[in-house]
There are 2 protein chains.
Amino acid sequence: MGTVGKALDLLDLFTRVEPQLGLSQIARASGLNKATCHRLLTELESRGLLEQVGPAREYRLGPAVLRLSALREAAVPTREAAMPLLRRLAEATGETAHLSHIVAGRLQTLAFAYASLGGVKVMMEDADFLPFDATASGAAVLAFHADPEPLIAAARDVEALRDRIAVCRGKGWAETVSTFEKDVHGLAVPLFDAAGHATGALAIAAAAPRMTPELHKTIAQELMRAGAEITGLWGGQLPDAIARLWHP
Amino acid sequence: MGTVGKALDLLDLFTRVEPQLGLSQIARASGLNKATCHRLLTELESRGLLEQVGPAREYRLGPAVLRLSALREAAVPTREAAMPLLRRLAEATGETAHLSHIVAGRLQTLAFAYASLGGVKVMMEDADFLPFDATASGAAVLAFHADPEPLIAAARDVEALRDRIAVCRGKGWAETVSTFEKDVHGLAVPLFDAAGHATGALAIAAAAPRMTPELHKTIAQELMRAGAEITGLWGGQLPDAIARLWHP
DNA sequence: ACCATCGGTTCATTATTTGAACCAAACGGG
DNA sequence: CCCGTTTGGTTCAAATAATGAACCGATGGT
């Protein structure tokens with residue numbers, strides 16, 4: 001990993017919880033020398049990826065990322081294209097739907113949609129990373145990923161993850177109950193790229209107490225239907241094993 | 001400019017017109033050696049800022065930019081906060097409204113809104129750069145910018161730009177007629193940061209044939225009102241000179 | 001008045017970046 | 001069918017840029 005990688009890694013230090021960081025803070029968190037950090041930060045700032053604000057001269061994500069994002073969506077409307085389907089899925093199931101995506105070895109939340117009516121809902125945050133070993137989405141992607149082993153091995157609870165992956169390979173969808181968050185029942189299906197490898201997941205996070213066999217069946221069916229559609233929208237291809245499970 | 005800067009400059013080669021580029025193409029466009037390019041691109045890809053697709057292994061902007069953008073908007077809702085005002089401005093004037101922003105020495109389109117009814121409208125593209133010397137927005141920002149000289153000097157038509165800047169300093173808004181695009185009448189006001197320096201612009205692009213003295217007056221008034229509001233939303237401060245011009 | 005921390009800078013040492021030359025694989029005429 | 005040209009990608013000695021301990025002035029709390 002070269003200098004560029006180190007600089008880009010600094011961007012990951014900025015989170016929703018800590019959106020602004022000082023120089024010393026960044027140096028400590030990254031393990032880099034303060035002078036090195038300063039040079040990298042200055043360079044990121046000169047291109048607008050970061051900006052420096054206030055009398056404390058703290059750094060935060062800059063306006064250039066907005067442009068890159070708009071450009072990406074114009075070229076590959078990953079999010080925009082899937083949003084209508086995601087909303088419909090939330091409505092059809094009455095629960096919270098969300099979409100995630102493997103980026104650089106991590107599972108990134110892309111978008112989510114709440115059902116318009118109903119009482120208790122599972123709330124979500126955008127731009128977060130999901131743990132592979134505690135989410136149905138994680139198991140779903142890895143079950144059909146091109147190279148899952150390193151990601152599985154890196155998980156905290158490898159055994160439970162392998163179990164869930166095996167279930168997903170057999171049924172076409174993955175499931176978790178109260179692992180990531182208490183009282184949340186998760187169901188997920190993988191999404192595929194043009195080569196037929198899973199690169200994302202579509203999931204429903206339902207309030208566990210509300211789950212019934214009928215609702216479970218509805219959710220699984222809707223997920224498979226929407227999963228096939230989004231895969232198609234993204235120019236992906238369902239592998240034979242999945243096509244058989246989803247369209248029996 | 002170090003290695004990181006060179007890598008980040010590569011991101012600018014991806015445009016709406018050419019969203020996917022091959023290695024040789026990028027090397028030629030950037031002037032860097034092919035091997036150097038390849039290393040930088042690989043490093044950008046490893047962090048998800050770029051991705052490589054298809055049998056031709058072309059590069060395009062990657063999904064990580066979506067996360068950064070979501071994080072930025074969560075921390076500093078520049079775009080979201082201004083959108084309602086932008087839409088209201090478009091409605092109130094019946095013309096196309098847009099918002100831009102200085103990022104790393106260039107004027108970047110942040111957002112725009114069309115009036116809901118009416119015939120001819122000026123169309124816009126997101127994530128583009130506006131020339132300082134051919135847009136009302138450019139003159140408006142530079143008229144109250146902290147360090148305008150280098151940006152003015154770099155413009156193609158320096159004289160016309162200086163004239164427009166002088167007008168803007170006197171009136172509080174800038175104007176262009178059919179400079180950027182034919183039959184487009186532009187009016188713009190600067191937007192200010194906490195230090196009272198202009199960092200952005202709010203503008204109306206009107207269909208020139210439709211312009212009347214009354215409409216002109218409406219647009220100028222609405223711009224100044226909305227400009228003050230957005231500046232406030234962004235935590236900015238109107239300089240005295242502008243406060244006097246806008247709230248007589 | 002003191003100590004700790006902050007953001008930022010300096011400069012000799014060191015490690016990384018650089019790029020001409022080199023693959024193998026496609027592609028497009030003649 | 002072959003030859004010239006392009007593609008994406010790799011190699012490695014030479015050149016250059018990154019590194020980090022020590023330093024500075026300013027700020028803030030005790």
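Nothing here was measured: the structure is a model prediction, and the numbers come from that model. By convention in this document, chain letters (A, B, ...) are assigned in the order of the sequence lines, proteins followed by strands, and residues within each chain are numbered from 1.
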Rounded to the Å, how far apart are [X] [atom1] and [N] [atom2]?
X: A/L44; N: D/dA18; atom1: CG; atom2: P; answer: 13 Å
X: B/Q25; N: D/dG8; atom1: CD; atom2: P; answer: 8 Å
X: A/I26; N: C/dG8; atom1: CD1; atom2: C1'; answer: 13 Å
X: A/R57; N: C/dT5; atom1: CZ; atom2: C1'; answer: 17 Å
X: B/L40; N: D/dA17; atom1: CG; atom2: C1'; answer: 13 Å
X: A/Y59; N: C/dG7; atom1: OH; atom2: P; answer: 8 Å

Suppose we screen for ring-ring contact (aromatic ring centres under 6.0 Å, His included). Which residues come up paired with B/W234, at least two apart in sequence or across chains?
B/H101

Test your reading of the model: is there a side-chain donor-acceptor pair from B/T231 to the backbone of B/G227, 3.5 Å cut-off?
yes

Would you find a donor on one side and an acceptor on the other, under 3.5 Å apart, between the side chain of A/Q108 and the backbone of A/S100?
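Pair absent, no side-chain N/O of A/Q108 close to backbone of A/S100.
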
Salt bridge present between A/R16 and A/E125 (N-O < 4.0 angstrom):
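Looking at A/R16 and A/E125, the cut-off is met.
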
5' priority, DNA chain C, between A/L21 and A/G2 [closest heavy atom]
A/L21

Select from A/E58 and A/M1 the residue whose nearest nucleotide in DNA chain C is closer to the 5' end of that strand.
A/E58

Using a heavy-atom cut-off of 4.0 Å across all strands, would you classify B/Q52 as base, sugar-phosphate, or nothing?
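Sugar-phosphate contact only.
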
Base, sugar-phosphate, or nothing for A/E43, non-hydrogen atoms under 4.0 angstrom?
nothing

Shortest non-hydrogen contact from A/G5 toward B/E43:
N-OE2, 3.3 Å

Measuring to OP1 and OP2 of [N], would you say a side-chain N or O of [X] lies under 4.0 angstrom away?
X: B/R28; N: D/dT7; result: yes
X: A/H38; N: C/dG7; result: no
X: A/R39; N: D/dT19; result: yes
X: A/T3; N: C/dT17; result: yes

Selection from C/dT18, C/dG8, D/dG8 that lies nearest to any side-chain heavy atom of B/K6
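Of the candidates, C/dT18 comes closest.
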
Between the protein and nucleotides 19-29 of chain C, are there any N/O to N/O pairs under 3.5 Å, and if so, what are the atom names and distances?
unit_1 : atom_1 : unit_2 : atom_2 : d
C/dA20 : N7     : B/N33  : ND2    : 3.4

Please table the atom pairs, donor to acceptor, closer than 3.5 Å between any side-chain atom in residues 32-41 of chain B and protein atoms at least two apart or in another chain.
unit_1 : atom_1 : unit_2 : atom_2 : d
B/N33  : OD1    : B/A35  : N      : 2.7

To the nearest 0.5 Å, what is the distance between CG on A/L142 and CZ on A/F132?
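If I round to the nearest 0.5 Å, the distance is 5.0 Å.
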
